[in-house]
Amino acid sequence: LIADLRFITALLLVSIVPVWLDRRARRGNSSERQR
Amino acid sequence: MYVGHAGVALGAKRAAPSIALGTLIFATYLPDWIDAGLCITGRYHNAQMLSHSLPAVLLLALLAAATQIRQPGWPPALIVGAVVISHILLDYLTGIKPTWPGGPFIGLEIYRHPILDFAVESLVIVAGWLLYRKTLPRHRSNWNPANVMLFLLLAMQGGIDAARLLLPSVNKC
């Protein structure tokens with residue numbers, strides 16, 4: 001079970017982190033342009 | 001390959017800005033998600049024939065490309081399919097993977113040399129990130145989300161390679 005969770009956690013991390021930061025980067029840029 | 005696959009997704013974002021990064025990331029890790037599903041259901045097998053063989057990856061690429069048929073033009077479908085296929089090509093570089101049922105297992109297996117693996121995967125991550133960054137307007141701060149992303153991806157890769165150095169016998173599933 002620990003091995004399953006480790007593999008899936010690594011996959012989730014490497015998937016979620018770039019998507020989350022991409023959204024922040026694009027949202028940040030649009031609010032910066034509005035200012 | 002581990003985090004290097006994310007580098008391919010980032011680079012593909014430059015080629016197809018209309019595709020959400022989440023879609024490209026999911027496409028680049030699709031064979032691994034199949035492995036994860038097999039892992040949970042207890043059907044995972046080191047042979048990885050159902051997830052990482054050429055026929056399996058081609059089928060996954062076709063399925064992933066089919067999700068883009070509503071997008072105008074052919075590039076989005078082609079790019080998503082190519083991103084899925086890139087998974088096995090990069091895995092042949094870093095690991096040892098199946099070709100087809102009954103066929104040979106091939107690969108350079110640089111996983112055995114975690115420092116070399118870190119160098120190769122970092123190269124793919126940085127190359128993809130440099131292309132991806134062109135899809136974003138310039139930020140003034142050094143600690144903007146795009147730079148943080150590069151830092152975290154390299155840190156994750158470093159952590160994985162450090163774990164392989166310290167615990168070489170740990171299995172994927």
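When reading the values below, keep in mind they use all heavy atoms of this one structure, side chains included, and skip hydrogens, waters and symmetry mates.
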Membership question, hydrophobic clusters at under 4.5 Å side-chain separation (ILVMFWY): are [Y] and [X] in the same one?
{"X": "B:Leu90", "Y": "B:Ile96", "result": "no"}
{"X": "B:Phe151", "Y": "B:Leu10", "result": "yes"}
{"X": "B:Ile110", "Y": "B:Leu165", "result": "no"}
{"X": "B:Val3", "Y": "A:Leu12", "result": "yes"}
{"X": "B:Leu150", "Y": "A:Leu13", "result": "yes"}

Measuring heavy-atom distances to chain A, does [X] have an atom under 4.5 Å in its side chain, in its backbone, in both, or in neither?
{"X": "B:Tyr2", "value": "neither"}
{"X": "B:Met156", "value": "side chain"}
{"X": "B:Asn144", "value": "neither"}

How many angstroms lie between atom CZ of A:Phe7 and atom CH2 of B:Trp33, to the nearest 0.5 angstrom?
-> 8.5 Å

Taken to the nearest 0.5 Å, the spacing of A:Leu21 CG from B:Leu152 CG works out to 6.0 Å

Do A:Ile8 and B:Cys39 come within less than 4.5 Å of each other through their side chains, counting heavy atoms only?
-> no

Would you say A:Arg26 and B:Thr135 make side-chain contact, with heavy atoms under 4.5 Å?
->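 Side-chain contact under 4.5 Å: yes.
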
If you draw a 6.0 Å radius around CD1 in B:Ile115, do more than 12 non-hydrogen atoms from other residues or ligands fall strictly inside?
-> no

For each of A:Val17, A:Val19, A:Leu11, tally heavy-atom pairs with chain B at distances under 4.5 Å, and name the one with the top tally.
->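 Most heavy-atom pairs under 4.5 Å with chain B: A:Leu11.
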
Given B:Thr28, B:Leu21, B:Ile25, the one that forms side chain to side chain contact (heavy atoms under 4.5 Å, CB included) with A:Ser15 = B:Ile25

Which one of B:Lys13, B:Met149, B:His5, B:Gln157 has the most heavy-atom pairs closer than 4.5 Å to chain A?
->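 Option with the top pair count is B:Met149.
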
